[in-house]
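Letters A, B, ... are given to chains in the order of the sequence lines, protein chains preceding strands, and every chain is numbered from 1.
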2 protein chains.
Amino acid sequence: MRADARKNYDRLLSVAREVVAEYGADASLRDVARKAGVGLATLYRHFPTREALIEALLRSDVDELRARAADLETSSTPGDALVTWLRGTVAITHEYRGVTALFLAALEDPESALYESCVALHDIGTRLLDRAHAAGQARADIDGGDLFALVGALAWLYDQPSVKPRADHLFDVISSAVLPDGLRTDAQLQRRLA
Amino acid sequence: MRADARKNYDRLLSVAREVVAEYGADASLRDVARKAGVGLATLYRHFPTREALIEALLRSDVDELRARAADLETSSTPGDALVTWLRGTVAITHEYRGVTALFLAALEDPESALYESCVALHDIGTRLLDRAHAAGQARADIDGGDLFALVGALAWLYDQPSVKPRADHLFDVISSAVLPDGLRTDAQLQRRLA
DNA sequence: ACCTGAACACCGTTCAAGT
DNA sequence: ACCTGAACACCGTTCAAGT
């Protein structure tokens, strides 16, 4: 990449991070280009679609979630590991307000720039879920696809301002549906019994 | 209302019903006016906001849900009544793709044209939920606001094309979190035990 | 190679001017 | 009273013309 192109690329990415944080994943791309002091077509060549831009923003987050999952697999009970990872995934997804609908669509569209990231998240979740299944801590009739969809629904709930005060509670409700207390013997349950 | 105004009003409403069914609650209002053969400003005077238009479309549905709830209160066990009503509410909300975010916002904005409808749905749900609470069939730490938010999340899930095949399953998962089988003695449980 | 401005076809919202 | 077209300030996307 030529030096000036590189500079534009980096500038676009850093401006996009701010704009998306403020206006969500459906922020105006024109606005991003304008604030980056760059022609609109320049943004389009670096990031041919909105998904491509979001993907570039999300890449480091997905890597982090992957690393966390690896840690959790060795440091926690299967049930706790899954819940902790879900909480982190929902939190990060929520930072990109409105991105969950893009995610769920991308999972079925290998052409999407978000496809790889979505598959990665889907697979990590499935792996943690299967561990919980093996330990008899997760509801048996839920698979990785269900889990991915529930993460989307939870992130969507966090995205709604009026839900925010009860969002953590709803996280507990939904995650306890995936991991019923009756099947669990981990820290969360210990706390409830204490 | 003058005869020509009445005619325009009715025509706008019927066209809006089709357009919203096809493109969702964020359909182009310009498109509605165009297809109704009416000036754009005419639409705006009859329906000063998008919420006002959606509210007009939704009014009969809300009335129907209210009637159903009244029936269910006399014809079913509290747990069954709540689940059946939830299913119907999610189904109808889903017909207006994308309306759930408007709903959750309207519940906190008395100025919104959707406010009355949202409060009505919220209150009906709370009433059915409290019956289930009294019968010991519903999870105690869930209130009407939680229920309203969960209905929104479920309708959002039904709105995502990639989730559709598993949406009914996720409905069961989430509704069983609200009404755990351990607390229920109704038809759904009987079926599962059979 | 890379960038830009303008063009095109859309929005939502408002308002002066018509009947 | 009611309606309309045009105006304004926005989009996303594409492309010919510049350096």
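- C/dA1: Watson-Crick or G-U partner is D/dT19, with both key distances under 3.5 Å.
- In 5' to 3' order, the nucleotides of DNA chain D bounding all contacts with chain A (an atom under 4.0 Å from a heavy atom) are D/dC11 to D/dC15.
- No side-chain donor from either of A/Tyr23 and A/Asp31 sits under 3.5 Å from a side-chain acceptor of the other.
- Residues A/Glu55 and A/Leu114 are in side-chain contact: their nearest non-hydrogen atoms beyond the backbone lie under 4.5 Å apart.
- Legend: residues meeting side chain to side chain contact (heavy atoms under 4.5 Å, CB included) with A/Glu116, ordered by chain and number and at least two apart, are absent.
- A/His133 places no side-chain N or O within 3.5 Å of a backbone atom of A/Asp143 that could act as its donor or acceptor partner.
- As the counterpart of D/dA6, C/dT14 is assigned, both hydrogen-bonding distances of the Watson-Crick or G-U wobble pattern falling under 3.5 Å.
- Listed by residue number, A/Arg30, A/Val38, A/Gly39, A/Ala41, A/Thr42, A/Arg45, A/His46 are the residues of residues 24-47 of chain A with a heavy-atom contact under 4.0 Å to DNA chain C.
- Between B/Phe148 and B/Phe103, the angle of the ring planes stays under 30°, which puts this pair in the parallel group of the 30/60° scheme.
- The 5' end of DNA chain D is approached more closely, in terms of each residue's nearest nucleotide, by B/Arg2 than by the other of A/Thr49 and B/Arg2.
- Salt bridge annotation for B/Lys35-B/Glu18: absent, with no cationic side-chain nitrogen under 4.0 angstrom from a carboxylate oxygen.
- A 4.5 Å side-chain heavy-atom check between A/Thr126 and A/Leu147 finds every atom pair outside the cut-off.
- Between A/Asp61 and A/Tyr96, some side-chain heavy-atom pair lies under the 4.5 Å cut-off.
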